[in-house]
Undergrad: 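One structure is given below, represented as C-alpha cells, and several questions about it will come after.
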Amino acid sequence: MTLASAPGKAILLGEHAVVYGRPAIAVPVWEVAAQAEVLDDPGAPPGSFWLEAPAIELAGDLAALDPAHPLPRIVLDTLHAIGMEKPAPLRLCVTSTIPIASGLGSGAAVSVAIARALSQHLGVPLDPAQISALAFAVERIHHGTPSGIDNTVVAYGQPVYFCRDKPPAPFRVGAPLCLVLGDTGVPVSTSVAVGGVRERRRLHPVTYEARFDAIGALVEEGRERIEAGLPAELGNLMSRNHALLQEIGVSSAALDSLVQAALETGAWGAKLSGAGLGGTMLALAPPERQEAIGQALLRAGAVQILATQVGS
Ligand code: PMV
C-alpha cells in the first residue's frame with residue numbers, strides 16, 4: 001500500500017497578474033491536504049483499475065470513467081509518464097480535507113497526491129517538477145489559461161517565487177509568517193474570475209497592464225521583505241495588493257469585510273487569496289494576534305478559518 005499527500009495553498013502576493021507573466025509568491029498550507037492511497041488488488045481481473053473519490057461520489061473502473069474528468073485524466077497521464085499503461089490490478093482512493101472551489105488549490109492537490117502515490121507505488125517515483133507538469137496539464141483542461149502557480153506550490157510543498165513557464169525559485173523565509181485564512185463560503189470559479197479579468201483587460205489594456213506591473217513590483221518588494229524577516233512590511237504590501245485586486249474587479253463585499261475585520265484586529269496586512277469573487281482571504285498576523293484575528297474573521301462571517309505558519 002502506498003499513501004501520498006499534497007497540501008492546500010495560499011497566494012501571498014501576485015494572483016491574476018501572474019497569468020500575464022508577472023511574478024507571484026505562494027505558500028503551502030499543510031493544515032489541509034489531499035491524500036491518495038494505492039493498493040494492489042490481486043483478486044481483480046487483469047487490467048482492472050478501481051478509482052474512488054467518495055467526496056465527489058466518483059467510483060468505478062478507470063476504463064469506464066470519462067477520461068476527460070480530472071481524476072481519471074491524472075491517473076492515465078501518470079501511467080503514461082512512467083511507461084506503465086497496463087499495471088497489475090490496482091485500487092486507488094482519494095480523499096481531501098481541502099474545501100473545494102475555495103481558492104485553496106484543492107484540484108491541484110488531488111492531482112499531485114494521485115500522481116505521487118501512483119508513481120511511487122509502481123516503483124517509478126516522479127520528482128516535484130514532473131508531478132507539477134502532470135498536474136498542470138489537468139489544470140489546463142479545466143481552467144483554460146492557468147499560470148501554473150497552484151500545481152507548482154502544491155507539488156513542491158514549499159514557499160515559491162513563481163513566474164509562468166519558469167521553474168520556481170526557492171527563497172529564504174527570514175522570520176516565521178503567521179497566517180490566518182478565512183473562507184467566505186462563496187464558491188469560486190477560477191475560470192469565471194480569470195475570464196472576467198481577461199475581458200476587462202481587452203477593453204482597457206493600458207490600465208490593466210499598469211495594474212499588473214504594480215502588482216509585480218509589490219511581489220518583488222515582498223520577496224525582499226520575506227527574506228529580510230520583516231513581516232510588518234510584507235503585510236503592508238499585501239494590503240496594497242488587495243487594493244489592486246479590488247481595482248481589477250476580483251474582490252467582493254464578503255472578502256472586503258473579512259479583510260477589514262482582520263486589519264481592525266491588528267493584522268499587519270490582509271488580502272484575498274486565489275481567484276477571488278469569493279473563496280478565501282488571508283491575513284498576516286503578529287503571532288500574539290493570530291487567535292484574535294481568527295475569532296474576528298468568524299464574527300465577520302467566515303465559514304471556516306485556518307491558521308498556518310510559514311518558515312520555522
Ligand atoms: O484557482 P485559484 O483560486 O487557486 O487561483 C489561482 C490564481 C490565479 O492567478 C487567479 C489564476 C492562475 O492561474 O494563476
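One-based numbering, in listed order, for ligands and for the atoms of each.
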Undergrad: Which of the atoms in ligand 1, numbered in the order shown and given with their element, are less than 4.0 Å from a heavy-atom of Gly274?
TA: 3 (O), 5 (O)
Undergrad: Output yes when Arg200 and Glu247 qualify as a salt bridge under the 4.0 Å nitrogen-oxygen rule, no when they do not.
TA: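 Glu247 and Arg200: not salt-bridged.
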Undergrad: Within the 4.0 Å heavy-atom shell around Glu15, which atoms of ligand 1 are there?
TA: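 So the atoms of ligand 1 that pass are 9 (O).
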Undergrad: Can you hop from Trp268 to Leu230 via hydrophobic side chains spaced under 4.5 Å?
TA: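 In one cluster: no.
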Undergrad: Any N/O of Ile149 closer than 3.5 Å to an N/O of ligand 1?
TA: no
Undergrad: Measure the distance from atom 6 (C) of ligand 1 to every protein heavy atom, then report the residue, atom name and distance (to 0.1 Å) of the closest one.
TA: Asp150 OD1, 3.7 Å
Undergrad: Could you tell me the separation between the CD1 atom of Ile82 and the CG atom of Leu118, rounded to the nearest 0.5 Å?
TA: 5.5 Å
Undergrad: Are Val75 and Ile56 in one and the same hydrophobic cluster, where Ile, Leu, Val, Met, Phe, Trp and Tyr link if side-chain heavy atoms are under 4.5 Å apart?
TA: yes
Undergrad: Just to be sure I read this right, does ligand 1 sit under 4.0 Å from the backbone of Leu104, its side chain, both, or neither, counting only heavy atoms?
TA: neither
Undergrad: Look at atom 8 (C) of ligand 1 and say which protein heavy atom is nearest, naming residue and atom and giving the distance to 0.1 Å.
TA: His16 N, 4.0 Å
Undergrad: State plainly whether the residues Lys271 and Glu15 are in salt-bridge range, i.e. N to O under 4.0 Å.
TA: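 Answer for the salt bridge query: yes.
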Undergrad: To which protein heavy atom is atom 7 (C) of ligand 1 closest, and what is the distance rounded to 0.1 Å?
TA: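 Heavy-atom neighbour on the protein nearest atom 7 (C) of ligand 1: Ile11 CD1, 3.7 Å.
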Undergrad: To check your reading of the model: name the closest protein heavy atom to atom 5 (O) of ligand 1, its residue, and the distance in Å.
TA: Ala275 N, 3.2 Å
Undergrad: Between Glu139 and ligand 1, which residue portion shows a heavy-atom distance shorter than 4.0 Å: side chain, backbone, both, or neither?
TA: neither
Undergrad: I need the atoms of ligand 1 closer than 4.0 Å to a non-hydrogen atom of Val18, numbered in the order shown.
TA: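 With Val18 as reference, the close atoms of ligand 1 come out as 9 (O), 14 (O).
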Undergrad: What are the atoms of ligand 1, with element, lying closer than 4.0 Å to any heavy atom of Gly103?
TA: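 What qualifies from ligand 1 is 3 (O), 4 (O).
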Undergrad: If the threshold is 4.0 Å, N to carboxylate O, is there a salt bridge linking Arg172 and Glu227?
TA: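 No, Arg172 and Glu227 are not salt-bridged.
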Undergrad: Quick one about Gln120 and Thr2 (side-chain donor to acceptor, distance below 3.5 Å, no hydrogens or angles considered), yes or no?
TA: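 The answer is no; no qualifying pair exists.
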Undergrad: So Tyr208 and Phe212, would you call those rings parallel, tilted or perpendicular, with 30° and 60° as cut-offs?
TA: perpendicular
Undergrad: Which of the numbered atoms in ligand 1 are under 4.0 angstrom from any heavy atom belonging to Pro146?
TA: 13 (O)
Undergrad: So which protein heavy atom does atom 1 (O) of ligand 1 come closest to, and at what separation?
TA: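 Nearest protein contact, heavy atoms only, for atom 1 (O) of ligand 1 is Thr190 OG1, 2.6 Å.
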Undergrad: If you measure from each non-hydrogen atom of Val188 to ligand 1, which part falls under 4.0 Å: side chain, backbone, both or neither?
TA: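 Within the 4.0 Å criterion, Val188 makes no contact with ligand 1.
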Undergrad: Please report the shortest heavy-atom distance between Arg164 and Val19, naming the atom on each side.
TA: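 Taking Arg164 first and Val19 second, the nearest heavy atoms are NH1-O, 2.8 Å.
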Undergrad: Please find the pair of heavy atoms, one from Ile131 and one from Ala115, that lie closest to each other, and give the distance.
TA: CG2-CB, 4.2 Å
Undergrad: Tell me which protein heavy atom sits closest to atom 14 (O) of ligand 1, plus the residue, atom name and distance to 0.1 Å.
TA: Ser147 OG, 2.5 Å
Undergrad: Write out the residue and atom name of the closest protein heavy atom to atom 4 (O) of ligand 1, then the distance separating them to 0.1 Å.
TA: Lys9 NZ, 2.3 Å
